[in-house]
Asker: 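The structure follows.
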Amino acid sequence: MNAPGSREATRLPLSEKRIPDEVFAQMRAENLARWPTGAGVDFDAAVERHRSLPPHKQLAWVMRKADAERRCLTQPRGGFGTFELQKQLMQVLDRDGHADVVPTTTDSYTRNEHWHLAQKGIEETEKMGRSMLNGYPMVNYGVERAAELVDAINKPAIMLTGTAMPRLTGEIGYAGGYSGYLGSGIAYTVSYIKELSIEEGIRNYQYLDRLVAMYQDAGVELHRRQPGFLTGTNIPPSIAIITCVLDCLLAAAQGVKNYGLEMGQTLHLVQDAAATVVCRELCQDYLRRRGHEDVFTSVTLLHWMGAWPHDDAQSAALISYGGTLAAVAGANSVTTKSTHEAFGIPTPEINAEGLRMTRTAIYLARNIRLDGLPEFEQEKEWIRREVRAIVDKVLEMGDGDVAVGTIRAFEAGVLDIPWSPNRYVKSRILPARDADGCLRILDPGLMPFPRDVLEFNEAKLRRRAEKENVSYGPDLAVSSVYEMAEPIAKLLPDTWS
Amino acid sequence: MNAPGSREATRLPLSEKRIPDEVFAQMRAENLARWPTGAGVDFDAAVERHRSLPPHKQLAWVMRKADAERRCLTQPRGGFGTFELQKQLMQVLDRDGHADVVPTTTDSYTRNEHWHLAQKGIEETEKMGRSMLNGYPMVNYGVERAAELVDAINKPAIMLTGTAMPRLTGEIGYAGGYSGYLGSGIAYTVSYIKELSIEEGIRNYQYLDRLVAMYQDAGVELHRRQPGFLTGTNIPPSIAIITCVLDCLLAAAQGVKNYGLEMGQTLHLVQDAAATVVCRELCQDYLRRRGHEDVFTSVTLLHWMGAWPHDDAQSAALISYGGTLAAVAGANSVTTKSTHEAFGIPTPEINAEGLRMTRTAIYLARNIRLDGLPEFEQEKEWIRREVRAIVDKVLEMGDGDVAVGTIRAFEAGVLDIPWSPNRYVKSRILPARDADGCLRILDPGLMPFPRDVLEFNEAKLRRRAEKENVSYGPDLAVSSVYEMAEPIAKLLPDTWS
Amino acid sequence: MSAHPRTIVTGVIGSDTHIVGNRILTMALEKAGYKAVALGALTPAADFIKAAVETDADAILVSSLYGQGELDCRGFRDLCVEAGLDDILLYVGGNLVVGKQAWPDVEKRFLEMGFDRAAAPGTRVETVIAWLEHDFAARDRNAQKEPA
Amino acid sequence: MSAHPRTIVTGVIGSDTHIVGNRILTMALEKAGYKAVALGALTPAADFIKAAVETDADAILVSSLYGQGELDCRGFRDLCVEAGLDDILLYVGGNLVVGKQAWPDVEKRFLEMGFDRAAAPGTRVETVIAWLEHDFAARDRNAQKEPA
Ligand code: B12
Ligand code: B12
């Protein structure tokens, strides 16, 4: 199912170039024919539908507005296995959680385009009376049901579909009135799938971005978004931002005008604030350099993406701090988790509680900024240098084409992602937390960072090894994976040595 | 009962001077005779008892250690109506809450020396099977039971007794092995009692401080602590610090060497950090200027002391942020609340949960400091100027005597406290929150702040009035009392205007 | 509201120092046209009754925040009756008991003690003013029905 | 541990991409002296069996984190039996079901499916290694008792 299959006819050589109209029409026809509900997509009707939505239900408008008013919005995740459960969930998140953006997470069969399995999951869910799927099977339910979900809430709806294969889900959701889609060719292919090549992932998302450009041409601005949190496991800011820049350039090349950039929180106040500023700045910088003058970009931080503690009290602190970090960083929005994170998908109520914790934390820190703080200014500079070294190299390797450069760079290990399940990624780079609580690069693998940057990272990590009296090496990375999940009494003992 | 009563014989003219040995011996004899359990106090045995405690159960040692290691400790509040309930509570706080300092809050009858009523409360508590008192009746239970409580935990124990009349409670608790006592002559008299004059309150605490000096002379360092949070209701940092400095000077004059300074959090990251630094700095500055070279002072921040929200999620965020604020401020400890705050005294488990939330928040922010942040540097300077103007004036009014100066200053309104229940306090000063979230002085009453300081405060508050389109006046103060208790959707709406 | 303003006694009962809510409530009563007799914090039960008798008050609003209200408020209605204030309007409000207890239980306990209304933690002044208007209006109607 | 190292197949079942815990577990197995056959993320049930047959494995450790393990793992023991792996040691672990459910219920569900052990969310590698040692030792003892 991951193979290009029947698409041979429309297969162009890989490049960042905008897919020509006729080719795209052909691609769409083939795509929509893959599952019966594809026939429900009517582009003209979809354009009408979006035009009829009030601005506050259009995510592109909402993200621009949040940016203009310096607001930090909240958005949870959330998906259940049947339409009824999903509708209730979205209403609770909207009304009790005061979510500014309401999500629909798709289930993992849908993500992998195993729609037959998803159908079985729906049936099992109905039989068992509890969700047997970890999300909403958007494709199986089709356009009309999607529209009903959007109508059930008073906020913009976004698709969260963690997949390298977004083509049919995206068509259906957008046609139903969803105004945002999270996912991108590089980020999700390296973190959500084992056998699919990066090239196929990029091609799949070029389709989605091209679709959004088609809406744009028809006068409907839709929001696209990149999940720079990747494998969620101790991703240093530079690694996230590198993928943000590249995915963003790929989307802009297809004609996307409203693009969000996401990063998992490092949980270090200064590092997260620096990352947010640099992400915004460098994406715009590279966009302009490559002639994309009018792309709006927003930045979203995500609540801690690594392993969570099993104590609700500890989790509540992580959630609240996540709001604080996003507010102080000046992020446009924050994607929230709940106290159930370590255990399983949260109930609607627990999910809404996480939203209110986060919202309160944002309110409390809404006016704090770190501009002028020496450490903040330095951290920004380090991140800039790490990002530029790699992105410039990728562009060079592609002879000016981002898509081609990306593939070549992954092959060479110039681009690399920690803890990736994808066999086309070297996954030799290894991050760890330093003594101050910042994420640093322990082993760069083959990524060509400048020497002084690597020395800086190493010095920081050696200081931690010394302080904790452990050996400098991969164990630092493994213990950093567990760290936030440890009982607090272990992290900050209540005894004296 | 609030009258000086039989103490006429030992009544010296009011001054800051150390109470002479013989006079103090006489005062102690009279004091201990006021309730049968007073006879249980044996000073030599008490000294032995403290010497036999391991250092980690001695609060003076623990506070010095925390300061040396730059740790931010946690301490809850907690008191129940019977010995058994109190013991369980303290064990839960120690073991499940990982409290670094374990409290015993006394009930309000004990605070007002209504020991007969407290006795009734114990009986009612036993009869009803739930605590009918809001704290532990320390005096009624006496020294031996106090010692059993201290033995039941593996941390230092502190008395939290919110009273202007600490003499008998303090004798009993210290004799039982408690190594800290929170309370002071100025701060508690202005905020916990209506009819007692400030002079009597100061005299009562001079007794307690003199007692601690007597232990000090016997080689036992006990911790004394000042509750600068006052009425807990939007106290701007300068008002808190002014009382910290004055109470601290009074204690040092009696011979106290280990003194803690507390302030309620303003909930503004920069203002709280600035307040913490300035409090530490100015207390030491005035101590040295007045010849007290060797007094150790620590700074404690308290979780939000005003009205709390009714939503557990919002409360959890306030709790976590309280840990963040204390950690970033570099406070030596933080005094915690729980998600039950708006409703009633928390159960041991909910109290312990608040501790773990706070502890996690501290861990997450343990390495963040704001040094060099322009706003932080400015805020410190404003606070310094507000404090110095008043403290210098008080010292001047006392002709060099802090006790005398304080009384005269309260009479003249030079010292004033917002929302005070005490009839000897003008309580004309009125604070409110500004548009950035800092606490400012809306109406200084008769307090002689420099003109530019007042202009600064006014400008900040006018900006809020404009922004919210409300009139500049006392309503700003009233709405600031409610603010944090409002539903989050009101504070940060999820709709667009 | 009638021409002659109603008189309302306010205060915080027992050894309770929580004055802020009571003071804001008192300010709101005055703004709403009532004559408020404010006894402040730490007020013994007997002082409420005395003030109500002296000022011929129409209502007493007892605040209790610190948890010991359950002990302090026992017999309050009896004291009123003894003082001849047979049907003075009696409200109580704040954090009336120790700990977070189910509100309906707590309310019942205080209504049984003889209070006409009990206010849950965090009740806003607008609610209290609305209660007073409602209850006074009801009394006026009753007074009109029964010949004086 | 015997001279000849035991072989253990690891992988993440179904459409599940959560590789981190599985990879750390695999590293720990190797460190503890086992021979690990790591199939990685998104592994169909059949691939586990195939690998176990090919490598003559002593145990299969199935990870499932994403919630759909309850669907993916049904019939896993039957597939083993069909392939002649009648009493291969079968463990499963991770976040096995959708949502926060009471662990004893979940454990029971998976033991009934034929797994020898199920690991609750967040189980540490030390625990898993200890289980393996215990269970292999028990098997060795049984094997000695019964004549081959
Ligand atoms: C990191 C993470 C991710 C990363 C994974 C990166 C990667 N490639 O590995 C990303 C961001 C990609 C991701 C994606 C998704 N995730 Co995710 N993720 C997590 C998270 C936060 C941590 C997992 C982790 O790495 N833990 C650290 C490692 C060391 O621990 P571990 O995996 O638990 O493994 C240990 C033990 O469990 C045990 N163990 C593991 N396997 C086995 C096997 C045996 C036999 C034994 C004995 C023991 C054992 O030993 C390991 C080492 O100690 C968890 C929540 C949490 N735990 O905090 C959610 C979580 C697992 N994810 C979840 C979900 C739903 C998803 C998504 C569907 C997206 C969504 N709806 O939000 C997608 C799934 C995509 C897909 N097709 O699979 C849910 C599962 C829900 C449920 N079961 O009800 C969780 C629990 C979060 C939640 N509460 O909603 N996720
Ligand atoms: C500020 C505060 C203090 C300040 C009080 C300053 C002062 N002089 O007023 C200080 C720091 C001094 C203090 C001290 C103590 N406090 Co205190 N304090 C609070 C706090 C945080 C806010 C109270 C407040 O000002 N609210 C704002 C005002 C506007 O609201 P309000 O008082 O509730 O009043 C409104 C309504 O209740 C209603 N209302 C009030 N009275 C009445 C009367 C009637 C008739 C009606 C109809 C309505 C009504 O209208 C008001 C206006 O809207 C509350 C917890 C909370 N609510 O968040 C605890 C709280 C009231 N305190 C509590 C306690 C226990 C104490 C102490 C004993 C210390 C301790 N153990 O921690 C001491 C008591 C000392 C004493 N002898 O009384 C407990 C009471 C516990 C319980 N009932 O189970 C609370 C609930 C905190 C807690 N959960 O533990 N406290």
Side-chain angles (χ1 to χ4, degrees), chain A residues 55-56 62 65 69 71 73-74 94 98-100 154-155 267-270 309 311-321 323-324 328 352-376 435-438 488-489 491-496, chain B residues 55-56 62 65 69 71 73-74 94 98-100 154-155 267-270 309 311-321 323-324 328 352-376 435-438 488-489 491-496:
Chain A
H56 71 268
V62 165
K65 182 98 172 158
E69 298 189 4
R71 282 269 305 275
L73 307 179
T74 61
D94 177 4
H98 313 296
D100 295 298
N154 199 22
K155 307 283 172 59
L267 294 182
H268 188 282
L269 187 74
V270 175
D311 174 16
D312 283 5
Q314 286 181 233
S315 293
L318 271 188
I319 293 168
S320 302
Y321 200 47
T324 306
V328 173
E353 182 192 79
L355 280 162
R356 295 198 306 280
M357 282 182 196
T358 310
R359 198 173 193 85
T360 304
I362 292 171
Y363 178 73
L364 291 168
R366 69 200 177 285
N367 294 309
I368 312 290
R369 289 295 180 280
L370 300 183
D371 300 275
L373 184 76
E375 280 180 58
F376 172 65
D436 297 323
C438 287
I488 185 59
L491 297 174
L492 195 62
D494 58 342
T495 51
W496 296 98
Chain B
H56 71 267
V62 166
K65 183 99 172 157
E69 298 189 5
R71 280 269 307 273
L73 308 179
T74 61
D94 176 4
H98 313 298
D100 294 298
N154 200 21
K155 307 284 172 61
L267 294 182
H268 188 282
L269 187 75
V270 176
D311 173 17
D312 283 6
Q314 287 182 233
S315 293
L318 271 187
I319 292 168
S320 302
Y321 200 47
T324 306
V328 174
E353 182 193 78
L355 279 162
R356 294 198 306 280
M357 281 182 196
T358 309
R359 199 174 193 84
T360 305
I362 292 171
Y363 178 73
L364 291 168
R366 67 200 180 286
N367 293 310
I368 312 289
R369 290 294 182 279
L370 300 182
D371 301 275
L373 184 75
E375 280 180 58
F376 172 65
D436 297 324
C438 288
I488 185 59
L491 296 174
L492 195 61
D494 58 343
T495 52
W496 296 97

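Computed from heavy atoms alone, side chains included, the values below leave out hydrogens, waters and symmetry copies. Per chain, numbering begins at 1; letters A, B, ... match sequence-line order.
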Asker: So for L73(B), is it side chain, backbone, both, or neither that comes closer than 4.5 Å to the heavy atoms of chain A?
Answerer: side chain
Asker: Which bit of I368(B) comes within less than 4.5 Å of chain A, counting heavy atoms only: side chain, backbone, both or neither?
Answerer: side chain
Asker: Against chain A, label Y363(B) side chain, backbone, both or neither, depending on which of its atoms sit under 4.5 Å from a heavy atom there.
Answerer: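 Its backbone and side chain both get close to chain A.
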Asker: As an exercise, state the distance from CG of L491(B) to CD1 of I362(A), rounded to the nearest 0.5 Å.
Answerer: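 Reported value, rounded in 0.5 Å steps: 12.5 Å.
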Asker: Between chain B and each of R369(A), E69(A), E353(A), Q314(A), count heavy-atom pairs under 4.5 Å; write down the option with the most.
Answerer: Q314(A)
Asker: Looking at chain B, which one of L267(A), D436(A), T360(A), T495(A) has the largest number of heavy-atom pairs inside 4.5 Å, strictly under?
Answerer: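 Greatest number of close heavy-atom pairs with chain B: T360(A).
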Asker: Does the side chain of F376(A) come within less than 4.5 Å of L373(B)'s, by heavy atoms?
Answerer: no
Asker: When rounded to the nearest 0.5 angstrom, what is the spacing between OG1 in T358(A) and CD1 in I488(B)?
Answerer: 10.5 Å
Asker: Highest number of heavy-atom pairs under 4.5 Å with chain B: which of A352(A), C438(A), A313(A), A365(A)?
Answerer: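 Counting heavy-atom pairs under 4.5 Å, the top option is A313(A).
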Asker: Who passes side chain to side chain donor-acceptor pair (under 3.5 Å) against T74(A), sequence neighbours left out?
Answerer: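 Per chain and number, T74(A) pairs via side chain to side chain donor-acceptor pair (under 3.5 Å) with D100(A), R359(A).
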Asker: How would you list, by chain and number, every residue that makes a side chain to side chain donor-acceptor pair (under 3.5 Å) with D94(A), sequence neighbours excluded?
Answerer: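 Scan of D94(A) (side chain to side chain donor-acceptor pair (under 3.5 Å), adjacent residues dropped) gives K155(A).
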Asker: Relative to chain A, which segment of V328(B) carries a heavy atom at a distance below 4.5 Å: side chain, backbone, both, or neither?
Answerer: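 Neither part, no heavy atoms under 4.5 Å.
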Asker: For chain B, which of L269(A), V270(A), N367(A), T324(A) has the most heavy-atom pairs under 4.5 Å?
Answerer: N367(A)
Asker: Where on A435(B) is there a heavy atom nearer than 4.5 Å to chain A: the side chain, the backbone, both, or neither?
Answerer: backbone
Asker: Which region of P309(B), side chain (C-beta onward) or backbone (N, CA, C, O), has a non-hydrogen atom less than 4.5 Å from a non-hydrogen atom of chain A, or is it both or neither?
Answerer: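 No part of it gets close to chain A.
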Asker: Among H268(B), R71(B), R366(B), which residue forms the greatest number of heavy-atom pairs with chain A at distances under 4.5 Å?
Answerer: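 Counting heavy-atom pairs under 4.5 Å, the top option is R71(B).
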Asker: Looking at every non-hydrogen atom in both residues, tell me the closest pair between D371(A) and P374(B) and how far apart they are.
Answerer: O-CD, 3.6 Å
Asker: Could you tell me which portion of P55(A) (side chain, backbone, both or neither) has an atom closer than 4.5 angstrom to a non-hydrogen atom of chain B?
Answerer: neither
Asker: Which one of S315(B), A316(B), A361(B) has the most heavy-atom pairs closer than 4.5 Å to chain A?
Answerer: A316(B)
Asker: Pick from E375(A), H56(A), K65(A): which one has the most heavy-atom pairs with chain B under 4.5 Å?
Answerer: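 The option with the most such pairs is K65(A).
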Asker: So which part of D311(B) gets closer than 4.5 Å to some heavy atom of chain A, the side chain, the backbone, both or neither?
Answerer: side chain
